[in-house]
Amino acid sequence: MTMKRTLLSLAFAILIFSVPTLAQRNIEPAIERDPILETDALHNLDVAWQAFKPKRAYKQVLLRFEETYAAYPDFSRMEEFIYLAGMSSYYLSKNEGRQKVDLKQERERERYEPAKLREEAQAYLATLLEKYPETKYRSEVERILKELDPQ
């Protein structure tokens, strides 16, 4: 009887100490990140930041974003990339930056028509707020979205 009581006590102790541990576990599965794709996406993000800040090469930013998003939408720093894409679309819609839009060329007109760029900027920036509500870019993004849709 003592052995049974000892085993029951031991089982009860294990149960009591393991329940809080089980309750603390994250029930959402972690995203498994491909280290090669992560490295490639990180390189593209770095190039995009260099093109965005000092160079104001917004077309290049959009190309890097589109390439990365198509290949690896689960990139760990996609928040930054969506911000860059939204702001680059916004600036290009106003024909700002060093890479000017030439609307006389059909290919440029199809891709960089100002109304289309404004729609893309709104979509990217709204997605940023939806997917990353605590983003550090929130106040700036909200200001731009109000400007793009003053209603």
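- Using a 4.5 Å heavy-atom cutoff, the side chains of V47 and H43 are in contact.
- Here the straight-line distance linking atom CD of E134 with atom CG of L129 works out to 11.0 Å at 0.5 Å rounding.
- Here the straight-line distance linking atom CE of M87 with atom CG of L92 works out to 11.5 Å at 0.5 Å rounding.
- By the salt bridge (Lys or Arg N to Asp or Glu O under 4.0 Å) test, R77 is found to be paired with E80, residues two or more places apart in sequence or in another chain being considered.
- Screening R118, E147, E120 against Y90 for a side-chain hydrogen bond (donor to acceptor under 3.5 Å, both in side chains) leaves a single residue, E147.
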Assess the residue pair Y58 and R56 against the criterion (side-chain contact (heavy atoms from CB on, under 4.5 Å)); give the C-alpha distance rounded to whole Å, side-chain angles, the decisive distance to 0.1 Å, and a yes or no.
CA-CA 6 Å; Y58 303 124; R56 298 177 37 206; 3.5 Å; yes
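- Distance check: S93 OG to K116 NZ gives 13.0 Å after rounding to the nearest 0.5 Å.
- With sequence neighbours excluded, no residue forms a salt bridge (Lys or Arg N to Asp or Glu O under 4.0 Å) with E38.
- Cluster annotation: I144 is connected to L84 through the hydrophobic network of ILVMFWY side chains, with a link wherever side-chain heavy atoms come within less than 4.5 Å.
- E79 pairs by the salt bridge (Lys or Arg N to Asp or Glu O under 4.0 Å) definition with nothing, not counting sequence neighbours.
- Rounded to the nearest 0.5 angstrom, K100 NZ and K59 NZ are separated by 10.0 Å.
- Taking every heavy atom of both residues into account, R64 and A48 meet most closely at CB-CB, 4.3 Å.
- For the pair E142 and K146, the salt-bridge criterion is not met [side-chain N within less than 4.0 Å of a carboxylate O].
- Note on ring orientation: taking the six-membered ring where Trp is involved, the planes of F52 and W49 are perpendicular (angle over 60°, cut-offs 30° and 60°).
- The salt bridge (Lys or Arg N to Asp or Glu O under 4.0 Å) search around E96 returns K94, not counting sequence neighbours.
- F65 meets the ring-ring contact (aromatic ring centres under 6.0 Å, His included) test with Y69, F81, Y124; sequence neighbours excluded.
- Applying the salt bridge (Lys or Arg N to Asp or Glu O under 4.0 Å) test to pairs two or more places apart or on separate chains, those with a residue in residues 65-76 are E66-R111.
- We find the CD-CD distance between E108 and E110 to be 10.5 Å, quoted to the nearest 0.5 Å.
- Looking at F75 and L42, their side chains come closer than 4.5 Å, going by heavy atoms from C-beta outward.
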